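Predicted, not measured: the structure shown is a model, and the values here were computed from it. Lettering of chains follows the sequences in order, A, B, ..., and the numbering in each one begins at 1.
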There are 2 protein chains.
Amino acid sequence: MNTSISASWGRHINAIPPQSGEAALAPTSSFVDGQCIYSCGERADQVYRVEFGAVRVYRLLANGRRQILAFHFGGDWFGLQSRDRHSLNAEAIGVTGVRCIGLQEEPLCRPALFSAVLENFSAAQEHQLVIGRQSAIERVAAFLLEMSERSGYSRRFELSMSRVDVADYLALTIETVSRSLTKLKHRGFIELHGARGIELVGYRGLQNLCL
Amino acid sequence: MNTSISASWGRHINAIPPQSGEAALAPTSSFVDGQCIYSCGERADQVYRVEFGAVRVYRLLANGRRQILAFHFGGDWFGLQSRDRHSLNAEAIGVTGVRCIGLQEEPLCRPALFSAVLENFSAAQEHQLVIGRQSAIERVAAFLLEMSERSGYSRRFELSMSRVDVADYLALTIETVSRSLTKLKHRGFIELHGARGIELVGYRGLQNLCL
DNA sequence: CGCCCTATTGATTACGTTCAATCTTCGTGG
DNA sequence: CCACGAAGATTGAACGTAATCAATAGGGCG
């Protein structure tokens, strides 16, 4: 059995009106924490870009197990699928702004979209490596480095997601994530500032853990 | 520690001359078992399509651990990267024919390529689910169903890869793969015919295992 | 037929999960 | 501003699954 999933909000209704210059192609919608952006089974006729906040893309398995496949942050494209219906769910993490672009307006083969998919693909492969062949502590170290990279390689940053999300991203339990963080702290690689604050003290040490 | 990796062959030299009709755009090369098609660090200026045989795409980690990210079979495109250099290795499994297409000749945004990437991306995500949240026996069951699907949903087929490859694909050890196969046999889901032959007796039972 | 490589099976160990209890953090209201 | 409560996070103990180490069996090829 796995971590229980907090109730998700219903779908979003009120879209922010399109901003001048961007015209009707790219309306921005705002979502609250946990709100669904799209869900498994829906038609996949839009592609999305995170404006602010963060997004988790995940799937639920029969027995309640959840796997988060990716986190997306400002500037990231997401929601592209090979089939015409979504096979995954996307939810906002905290207050999040998302720009939606209809695929009929947007040529599917636009270079920007192409490289966005390649980027997503590449990230998925990297993550396969992490969850496939890394130990718990190595996964957490890799995760912290990834999050640091996403905040412009800063030494000190705040995680936008809870331990449950981290665990379901790394295919671990929250307990193991917590224990691994504690070990990293004791080894002098990181400092913890509250539940979300992370400071990377031994950046190089963390990198050595990951390979 | 992990399974030791058999020595790989050097790079391929003698390409089969381009076939009439396909012109110089798509020369087909033939590879022997274990031969390298491309390796990590090389320039990624080509995209490939499997003509016959099979291909494994993998990465080696520092401590000798190997993760196979994908198997590719006849008709599959592979080798597309987000950066200009390969971050992975590709090797032939058995005698394998591969059609190479230079990216300068081929517009990167060609619809066929786009959907090929989406297909690869989708497969990578599915595999993330399997190695992230499935038990050993569930992974092996999922693998057998995947291989069956790749052979046209046939009930009886031959695996093209060894147990080591299966293990490194499923992020398990060969012993665990072997034990899981034995369990599946004892439960009446499959029959084993030699080391490579698989017969799916309880197709539905296998599917129930995977979700 | 015999050898070597691959696969299977067995025994033990180690790592992460599970179950359970405590502590921290953060939001709310007095 | 502090006290309270609830949710999230940490820590602890026992358990279970897969890894490891080791030995045997099977299959393919000379």
TODO: Can you see which heavy atom on A/Lys183 is nearest to which on A/Ile137, and at what distance?
DONE: CB-CD1, 3.7 Å

TODO: Round to a whole Å and report the spacing from CZ of B/Arg196 to P of C/dC5.
DONE: 16 Å

Task: Nearest-angstrom distance from the residue atom CZ of A/Arg65 to C1' of C/dT17 - done: 13 Å

Task: Distance in angstrom units between A/Glu175 CD and D/dA9 C1', rounded - done: 10 Å

TODO: Using a 4.0 Å heavy-atom cut-off across all strands, classify A/Ser162 as base, sugar-phosphate, or nothing.
DONE: sugar-phosphate

Task: Donor-acceptor pair present, B/Arg179 side chain and D/dT20 base, under 3.5 Å - done: yes

Task: Salt bridge flag under 4.0 Å for residues B/Glu91 and B/Arg56 - done: yes

Open item on the list: If the cut-off is 4.0 Å, is A/Thr173 near the phosphate of C/dT17, judged by side-chain N/O to OP1 or OP2?
Closed with: yes

- [ ] Nearest whole angstrom, please: distance from the C1' of C/dT8 to the CG of B/Leu181.
- [x] 10 Å

Task: Between P of C/dA21 and CD1 of A/Ile174, the distance in whole Å - done: 16 Å

Open item on the list: Below the 4.0 Å mark, does D/dA19 have OP1 or OP2 next to a side-chain nitrogen or oxygen of B/Thr176?
Closed with: yes

- [ ] Would you kindly give the NZ-to-P distance between B/Lys183 and D/dG16, to the nearest whole Å?
- [x] 14 Å

TODO: With the side chain of B/Ser135 defined as its heavy atoms from C-beta on, choose the nearest nucleotide among C/dA7, D/dT10, D/dA18.
DONE: D/dA18

Open item on the list: Ignoring hydrogens and geometry beyond distance, is a side-chain donor-acceptor pair present between A/Ser180 and A/Arg139 at under 3.5 Å?
Closed with: no

Open item on the list: Distance check needed: C/dC15 P versus A/Arg139 CZ, whole Å only.
Closed with: 13 Å

Open item on the list: For A/Arg59 versus A/Asn89, what's the shortest heavy-atom pair and its separation?
Closed with: CA-ND2, 4.1 Å

- [ ] Find which nucleotide of DNA chain C each of A/Val177 and A/His193 is nearest to by heavy atoms, and output the residue with the more 5' nucleotide.
- [x] A/Val177

Open item on the list: We want to know whether B/Tyr169 and B/Glu146 form a side-chain donor-acceptor pair, criterion being a heavy-atom distance below 3.5 angstrom.
Closed with: yes

- [ ] Measure from the side chain of A/Ala136, starting at C-beta and using heavy atoms only, and say which of C/dG10, C/dG16, D/dA18 lies closest.
- [x] C/dG16

TODO: May I have the distance from A/Asp168 (atom CG) to C/dT17 (atom C1'), rounded to whole angstrom?
DONE: 14 Å

